> 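This is the structure I want to talk about, given as structure tokens.
In this text, all values refer to a predicted model and were calculated from it rather than measured experimentally. To find a chain, count down the sequence lines: A is the first, B the second, and so on, and within it residues start at 1.
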Amino acid sequence: MPIHNEDIAAAFDEFADLLALSGENQFRIRAYRHAAEVLRSLSEPLSRRIAGGFDPDTLPGVGADLAGKIRELATTGRCAALERLRATVPPGLRELLFLPDVGPQRARALHEALDIRSLEDLRVAIEQHRVRKVPRFGVKLENRLAESLATLAQRGKRFHWSVADRYARALERHLASLPGVLQVAIAGSYRRGRETVGDLDVVVAAQPGTDVDSALRQYEETKATLVSGPTRSSVVLRNGLQVDLRVVPAASFGAALYYFTGSKDHNIRLRTQAAALGLKINEYGVFRGSECIGGSTEGSVLATLGLPYIEPELREDRGEFEAAVAGRLPRLIAGVDLRGDLHAHTSATDGTATLAGMARAARAAQLRYLAITDHSRYLGAVHGLDAAALAAQIGQIDAFNASARGITLLKGVEVDILEDGSLALPDEILGRLDLVVGAVHSHFTLSRRRQTERLLRALDHGYLSILAHPSARLIDQREPIDCDWPTVFRAAAERPCFLEINAQPSRLDLNDLMAREAASAGVRFCIASDAHGVGDFELLAGGVRQARRAWLEASQVINTQPLAQLRRTLRRTFLK
DNA sequence: GCCGTTTTCGGCCCGACTGTTTTCAGTCG
């Protein structure tokens, strides 16, 4: 049973919860939580790195003690200290922390006053109205807890970025139309471009006395109010998405936007660095004593620390401060850098539009070239193309290009990578194409060794140009395939093979961490829509967001190249 | 438990809202 980084991170989170329930020093608790976050940000399995001699003590936030626990967990899957700690806390007590309004202090109070040891105990105690009698509890809190218990299933749900986006834009328009509102921005993980969004963090600059709180609570999509105040409110929308609002004066907008964009770890680093310079940063500005020396814009906040602007997608405490100090922040790719799209389907397979229709839509989306990459026959779920049907499509594309204006179609295919790593179409037909996009659509659960061999063989094929949605994960639906990614990345980097960042909202594959690791191995990428209809080219923006989170620059993405250069880039190792 | 351009010891980001209280602890972001 392999030990994943997530397993170790989860053990540290449990450590933190149990220490909190034991009344431990909060900074000791934070050390465990911080280390858990650091472990989650690693893409390569620690257990293997440790087997290769890597010392976890060199990870940020990991000292001798936690390094020892990491080693123990990575090699044995267990941690003696954690097991000892478990024995001192009732096993069900931790689940109380999953409830809103219940932290370690209240969980302990409930345990000590009423001997509550689980959510079920709590439910019974609430029914008997015993909770309201616990010191510093009361009727209102008891009612809130009853409500939370009833809706516990809702908690922790995250939304695809694209779903959150629809609600974000509508809410932004609603608030911006309010008299007295000067600026509105959606911050948080939405602004950092995370693939899923837990809630919408809204920052509003308004003239004094503007009642933004009421405007939010009376918004047509608002279902319930959680918190209400003149500068801070929280509501839940009808679809379950929580909205947290912050209202500040115009002079504080940049500081508030910075604060609410996060991430939390990034902000803690920022404020710690400010403190070292004798400055204090909060959501109202940067202060030296009582004097405000920055805060109207995000740039003014960073400038007080002598730092250049840090793009929101980088603010995860993954080295962006060190890069900023060293003047090595990347010039992140932008949507306008994309000149074409290298993965799209038509009604010849599972798309909804004709070849000409897709071309028109791509041109309208300002693309200069579009690769038509319908499925090969192997994929059972759709009517894939066999060699003859693909040959017919090649003829259609040649005819289209002969008469088209403003866009060039590239001849391609999305060919299945079979279980053994061979491709599902013969070389004769693949050799007539401008590019071959290979993808895994089956046998997702092969062992790491066999899955790795499969991808390496596909990369070695000679005609394969692009490995599409490499991990094959579907967000919240299907785990990524198990594979020795560093080896695959090295192989791709050594060949004229490129890895896709697939922009479909449920894929976004490669993800940010994997793409960043691949880039450091020398891999180059394409950002592709995998369009199945004429409206899908706008999805490319999501692929660009993911690429930005991976610190990618335009030069690392081949479909930023003009067509002639792209054709040279795609030249194969095997001549046609 | 971690960490060092004040520090190997003594710090560790900062503020709003709620409920239970009559001044503040707890939670959350």
> Counting only side-chain heavy atoms from C-beta out, which of B:dG15, B:dG29, B:dG19 sits nearest to A:L141?
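Ranking B:dG15, B:dG29, B:dG19 by closest atom to the A:L141 side chain puts B:dG19 first.
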> Between the main-chain N or O of A:G294 and the side-chain N or O of A:S300, is there a donor-acceptor pair closer than 3.5 Å?
no
> Across the strands shown, which category fits A:A64 at heavy-atom distances under 4.0 angstrom: base, sugar-phosphate, nothing?
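Result for A:A64 = sugar-phosphate.
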> Please report the distance, rounded to the nearest Å, between CZ in A:R132 and P in B:dT21.
13 Å
> Heavy atoms only, 4.0 Å cut-off, all strands: where does A:N267 land among base, sugar-phosphate and nothing?
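The answer is nothing, as A:N267 stays clear of every strand by at least 4.0 Å.
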> Counting only Watson-Crick pairs (N1-N3 plus N6-O4 or O6-N4) and G-U wobbles (N1-O2, O6-N3), all under 3.5 Å, who is the partner of B:dT8?
none
> Just compare B:dT27, B:dC2, B:dC13 and give me whichever is closest to any side-chain atom of A:D65.
B:dC2
> Indicate, with a heavy-atom threshold strictly under 4.0 Å, whether A:N25 touches base, sugar-phosphate, or nothing.
base
> Is a donor from one side chain sitting under 3.5 angstrom from an acceptor on the other, for A:Y190 and A:D165?
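Result is yes, a qualifying pair exists.
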> Does the pair A:E283/A:R246 count as a salt bridge with the N-to-O cut at 4.0 Å?
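Judged by the 4.0 Å cut-off on N to carboxylate O distance, A:E283 and A:R246 do form a salt bridge.
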> Under 4.0 Å between any heavy atoms, over every strand shown, what does A:I29 touch: base, sugar-phosphate, or nothing? Just pick one.
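The answer is nothing, as A:I29 stays clear of every strand by at least 4.0 Å.
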> Answer yes when A:R191 and A:E298 have at least one side-chain N-carboxylate O distance shorter than 4.0 Å, and no when they do not.
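Salt bridge flag = yes for A:E298 with A:R191.
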> Expressed as a whole number of Å, how far does the C1' atom of B:dT18 sit from that of B:dT8?
42 Å
> Answer with base, sugar-phosphate or nothing: what part of the nucleic acid does A:E142 contact at a heavy-atom distance below 4.0 Å?
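It contacts nothing in the nucleic acid.
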> Could you please name the option among B:dG1, B:dA16, B:dG19 that lies closest to any side-chain atom of A:L66?
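Minimum distance to the A:L66 side chain belongs to B:dG1.
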> Pick base, sugar-phosphate or nothing for A:S228, based on heavy-atom distances below 4.0 Å to the nucleic acid.
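Result for A:S228 = sugar-phosphate.
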> Students often get this wrong, so: under 4.0 angstrom with heavy atoms, is A:Q26 touching a base, only sugar-phosphate, or nothing?
nothing
> In this structure, how many angstroms lie between the C1' atom of B:dC12 and the CG atom of A:D265, rounded?
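Interatomic distance, CG of A:D265 to C1' of B:dC12: 14 Å.
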> Taking the minimum atom-to-atom distance to the side chain of A:R232, which one of B:dA16, B:dC14, B:dG1 wins?
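Shortest atom-to-atom distance from the side chain points to B:dA16.
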> Indicate, with a heavy-atom threshold strictly under 4.0 Å, whether A:R106 touches base, sugar-phosphate, or nothing.
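Since only primed, P, OP1 and OP2 atoms lie under 4.0 Å of A:R106, the category is sugar-phosphate.
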> Could you check how far CZ of A:R33 sits from P of B:dG1, rounded to whole Å?
15 Å
> Please state the P separation for the pair B:dG29 and B:dT23 - nearest whole angstrom.
29 Å
> Looking only at atom P, what distance separates B:dC17 and B:dT22, rounded to whole Å?
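Nearest-Å result for B:dC17 against B:dT22 at atom P: 22 Å.
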> Nearest to the side chain of A:P100 - B:dG29, B:dC2, B:dC28?
B:dC28
> Taking donor-acceptor contacts at under 3.5 Å, does the side chain of A:D201 reach the base of B:dG29?
no
> For a quick test of reading the model: is some side-chain N or O of A:R30 closer than 4.0 Å to OP1 or OP2 of B:dC13?
yes
> I'd like the P distance from B:dG1 over to B:dT5, given in whole Å.
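To the nearest whole Å, 23 Å.
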> How would you label the contact of A:K264 with the nucleic acid (heavy atoms, under 4.0 Å): base, sugar-phosphate, or nothing?
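A:K264: base contact, heavy atoms under 4.0 Å.
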> In whole Å, I'd like the distance from the CG atom of A:D17 to the P atom of B:dG1.
16 Å
> Quick check for you: among B:dC13, B:dT20, B:dG1, whose closest atom lies nearest to any side-chain atom of A:T272?
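Of all the options, the side chain of A:T272 is nearest to B:dC13.
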> With nearest nucleotides of DNA chain B determined for A:A107 and A:G138 from heavy-atom distances, which residue corresponds to the more 5′ nucleotide?
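Nearer the 5' end of the strand: A:G138.
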> How close or far is atom P of B:dG15 from atom CD1 of A:I281, stated in whole angstroms?
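From A:I281 CD1 to B:dG15 P: 12 Å.
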> Contact class for A:R269 vs. all strands (heavy atom < 4.0 Å): base, sugar-phosphate, or nothing?
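Here A:R269 touches no strand at all.
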> Is it the case that atom CZ in A:R169 sees more than 12 heavy atoms from other parts of the structure closer than 6.0 Å?
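Counting other residues, nucleotides and ligands, CZ of A:R169 stays at 12 neighbours or fewer.
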> To the nearest Å, give me how far apart CG (A:L270) and P (B:dG29) are.
21 Å
> When you check the gap from the basic side-chain N to the acidic O, do A:D101 and A:R144 get nearer than 4.0 Å?
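Looking at A:R144 together with A:D101, the answer is yes, because their closest N to O distance falls below 4.0 Å.
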> With rounding to whole Å, what would you report as the distance between B:dG19 and B:dC9 at their P atoms?
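Between the two P atoms, the distance is 46 Å.
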> Let me know the distance between CG of A:L257 and P of B:dG29, rounded to the nearest Å.
19 Å
> Using the C1' atom as the reference point in each nucleotide, state the distance between B:dT20 and B:dC14 in Å, no decimals.
24 Å
> Which is true for A:P135 with a 4.0 Å heavy-atom rule: it touches a base, it touches only sugar-phosphate, or it touches nothing?
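Nothing, no nucleic acid heavy atom in range.
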> Name the residue closer to the 5' end of DNA chain B, choosing between A:G61 and A:Y284 according to the nucleotide with the nearest heavy atom.
A:G61
> If you only use heavy atoms from C-beta on, which nucleotide in B:dG19, B:dG1, B:dA16 is closest to the side chain of A:K140?
B:dG19
> Would you say CD of A:E6 has more than 12 non-hydrogen atoms from neighbouring residues, nucleotides or ligands within 6.0 angstrom?
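Check passes, neighbour count above 12.
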> Name the closest nucleotide to the A:P104 side chain, picking from B:dG19, B:dT27, B:dG15.
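Nearest nucleotide to the side chain: B:dT27.
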> Any side-chain donor-acceptor pair under 3.5 Å between A:H266 and A:E320?
yes
> Which listed nucleotide (B:dG15, B:dA16, B:dA25) is nearest to the side chain of A:R136?
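Out of B:dG15, B:dA16, B:dA25, the nucleotide with an atom closest to A:R136's side chain is B:dA25.
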> Please name the residue in the list A:R106, A:R136, A:R132 that meets the salt bridge (Lys or Arg N to Asp or Glu O under 4.0 Å) test with A:E142.
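Single pass found, and it is A:R132.
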> Report yes if at least one side-chain N or O of A:R271 is closer than 4.0 Å to OP1 or OP2 of B:dC13; otherwise report no.
no
> Classify the side chain of A:Y259 and the base of B:dG15 as holding, or not holding, a donor-acceptor pair under 3.5 Å.
no
> For B:dT5 and A:Q273 - does any side-chain N or O of the residue sit under 4.0 Å from the phosphate oxygens OP1/OP2?
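For B:dT5, neither OP1 nor OP2 has a side-chain N or O of A:Q273 closer than 4.0 Å.
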> Would you mind reading off the distance between A:R315 atom CZ and B:dG29 atom P, rounded to a whole angstrom?
20 Å
